[in-house]
Amino acid sequence: WSDGADKTRLLPAETVTYTIEILNEGPSDAIDSASAMVRFTDQLDPALFDVANASWTCEAVGSGSLSFLQSLGTDSGGSPLPLAGVTALASLDLPLGNALPDLLFSASTIDSSVAAFSVAGDGTLRFETAVDDTTVPSLEGVRAIAVVTRAGRNFLYAAGQTADAVTVLEITDAGGGMPGFTVVQTVDGTVAPGLDQPVDLFVDEARDRLYVASANGDAVHGFDLNPLDGTLGLVSPGAGFLARVDTLTGASTLAFDNASNRLYVGSLENPVIQVLDVDSATGGMALSQTLDAAALDISPDGLSDLAISSDGDWLYAALSTVDAVVTFRIDGSGALTRAQIVDTTSTGGGSLIEPSAMLLSMDESQLYTAAAGSETLFILNRDQTTGMLEISGSVSERNGTAEGMARPANLVFGPGGQLHVAASASQRVATFQRRDESSFPSSGSNAPVDIGFSAASGGRVVFRIDVP
């Protein structure tokens, strides 16, 4: 544990805040129960403090550790599922009473297919159905997918890298609780010039827009999403903005900052991060910054993925060529300042080789990072104030804590909170249960005495005591 105060000297009537952080270094969980109590007490000296008017708050951060549940690549008869070259996943959490179960979808580049899996209560998957380019040619080389629910209808958007198209599919009830797919629309270069090898999608759900990165077109397109029928149309930008920005060499990954309405664009082949200002009224875009090695204090070589904190203060970049995850501070203009590098020299990071995908936990206390070069999924604890990262653990096929993890390419949380991993070389989807057992009372008055709390292995609990 560690402690500290915000002041070393006090004037009469001033309040001092003590912060006490308790870290459970493991390997066991510390769970408060009647038979094994875990308690916190801090006796304040009434001769020095007004104990009766003291107050305290508490917060806990779970370890975010992962337990392997399943690796699915074949059906019940042992036949391979349409997961050759699986590169992307998307989940659909349906309301109670819906005829369909909760669903997970995959996109597989080699099979040129989109598959649907039902999600059981424990997070495990069962294959249900698939559609491919033999019936929907615009799915050829499908690379990225996104799922949206609007007006009681569910739509899936699929970027066909080889077909140079975006396909809109409606997810339907095929009867008997089985999902089906219906083609709603195909958008290609005749509708959106420069839509050449689309490889990434981002849905701005608050404004019903879809942004598409085209690696060969060196472009990002903005589309309005019709909330009634799911169809797409190029945005109608205002003065100074564009529906397509086409000066983005090899654009391959997108991250949207809702706080500032900016779109960050990365590329595997072009060592820069480019910043697009987005007009919130129209969805039009304008290139505002091109940040190179000099501006970033590191060359973003092999940028495979980007992630942004919900407060818009921190951007994380996975650099596959230099085996690093880099933390950048975002300033008011959208510019980036390098704050931290986590790489193979970091504690616990020896196998952080070729990071390929990242995903912030729902509470943003962890950044999960897949390393394609070592078949490993890393758990990086994240300080939500400073944005800094610290490796707290990992799971890997190589050490027996996971299966079917060769070349992990994408991560997504399923409807039940489980973490699903698309492993392209294994041609499988691996599923993990995320552990988050830290718990605490949120606040109290007077000095904290005999306060029960729980801290998972690798988790921490922080008490802040305000004393007049």
Side-chain angles (χ1 to χ4, degrees), residues 72 81-83 86-108 111-121 123-133 135-136 138-139 142-160 165-187 198 200-212 222-233 254 256 283 359 362 410-420 422 429 431:
L72 185 63
L81 295 175
L83 291 170
V86 58
T87 56
L89 302 171
S91 69
L92 177 60
D93 187 359
L94 292 166
L96 291 175
N98 195 287
L100 293 177
D102 289 338
L103 296 166
L104 185 84
F105 300 92
S106 65
S108 300
D111 278 335
S112 295
S113 67
V114 172
F117 303 84
S118 57
V119 184
T124 55
L125 306 177
R126 186 182 71 182
F127 173 71
E128 299 291 350
T129 190
V131 60
D132 61 28
D133 63 338
T135 55
V136 184
S138 55
L139 290 177
V142 60
R143 179 86 178 193
I145 53 175
V147 173
V148 173
T149 298
R150 288 293 181 273
R153 300 171 68 182
N154 304 300
F155 302 98
L156 184 145
Y157 299 86
V166 174
T167 306
V168 184
L169 301 171
E170 184 172 6
I171 303 159
T172 59
D173 181 0
M178 289 282 291
F181 296 105
T182 300
V183 178
V184 174
Q185 183 190 25
T186 298
V187 177
D200 198 19
L201 306 172
F202 178 81
V203 177
D204 179 1
E205 296 211 29
R207 301 173 184 87
D208 287 327
R209 296 195 182 105
L210 177 77
Y211 295 93
V212 181
F223 297 92
D224 285 318
L225 189 160
N226 187 316
L228 297 179
D229 61 14
T231 56
L232 301 174
L254 303 174
F256 191 76
L359 181 65
M362 287 169 280
N410 190 233
L411 313 173
V412 71
F413 285 111
Q418 291 80 16
L419 181 62
H420 302 282
V429 177
T431 299

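- Here the closest heavy-atom approach between residue Met362 and residue Gly417 is recorded as CE-CA, 4.0 Å.
- Atom CG of residue Leu103 and atom OG of residue Ser118 lie 7.0 Å apart, to the nearest 0.5 angstrom.
- When side chains are defined from C-beta on, Asp224 counts as touching Arg209, because their heavy atoms get closer than 4.5 Å.
- If you take CD on Glu205 and OG1 on Thr149, they are separated by 8.0 Å, rounding to the nearest 0.5 Å.
- Contacts classified as side chain to side chain donor-acceptor pair (under 3.5 Å) and involving residues 171-185 (residues at least two apart or in different chains) are not found.
- Relative orientation of the Tyr211 and Phe256 rings is parallel, given thresholds of 30° and 60° on the angle between their planes.
- Among all heavy-atom pairs drawn from Ala116 and Phe181, the shortest one is CB-CZ, 4.0 Å.
- Here the CG-CZ distance, from Leu201 to Arg143, works out to 11.5 Å after rounding to the nearest 0.5 Å.
- Checking side-chain atoms of Thr186 against main-chain N and O of Ser138 turns up no donor-acceptor pair under 3.5 Å.
- Phe202 CZ to Leu210 CG: the interatomic distance, rounded to the nearest 0.5 Å, is 9.5 Å.
- Remark: side-chain polar atoms of Thr129 are not paired, donor with acceptor, to backbone N or O of Gly180 under 3.5 angstrom.
- With contacts defined as side-chain heavy-atom distances shorter than 4.5 Å, the pair Val147/Ser91 does not qualify.
- Within 6.0 Å of atom CZ in Arg207, more than 12 heavy atoms from other residues, nucleotides or ligands are found, so the atom counts as buried in its surroundings.
- Asn154 places a side-chain heavy atom less than 4.5 Å from the side chain of Leu94.
- Side-chain atoms of Phe117 and Leu81, non-hydrogen and from C-beta on, do get closer than 4.5 Å to each other.
- Residue Ala107 comes nearest to Ile145 through the heavy atom pair CB-CG2, 3.7 Å, listed as atom of the first residue, atom of the second, then distance.
- Exactly one of Val142, Leu139, Asp133, Leu156 qualifies for a side-chain contact (heavy atoms from CB on, under 4.5 Å) with Thr167. That residue is Leu139.
- For the salt bridge (Lys or Arg N to Asp or Glu O under 4.0 Å) test, residues two or more places apart in sequence or in another chain that qualify with Asp208 are Arg150.
- Counting heavy atoms from C-beta on, the side chains of Thr231 and Val168 never come closer than 4.5 Å.
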Can you list the steps and then say if Leu225 with Leu232 is a side-chain contact (heavy atoms from CB on, under 4.5 Å)? CA-CA 5 Å; Leu225 189 160; Leu232 301 174; 4.2 Å; yes
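- Thr431 pairs by the side chain to side chain donor-acceptor pair (under 3.5 Å) definition with His420, not counting sequence neighbours.
- For the pair Pro82 and Ser113, the tightest heavy-atom approach, listed with the atom from each and the gap, is O-OG, 3.2 Å.
- For Asp132 and Ser112, the side-chain atoms include no donor-acceptor pair closer than 3.5 Å.
- Shown are Ile171, Val412, Leu89; of these, the side-chain contact (heavy atoms from CB on, under 4.5 Å) with Phe105 is made only by Ile171.
- Between atom OG1 of residue Thr124 and atom CD of residue Gln418 there is a gap of 8.5 Å, rounded to the nearest 0.5 Å.
- A 4.5 Å side-chain heavy-atom check between Leu228 and Arg153 finds every atom pair outside the cut-off.
- Contact of the Asp200 side chain with the Val212 side chain is not registered, since no non-hydrogen atoms from C-beta on lie closer than 4.5 Å.
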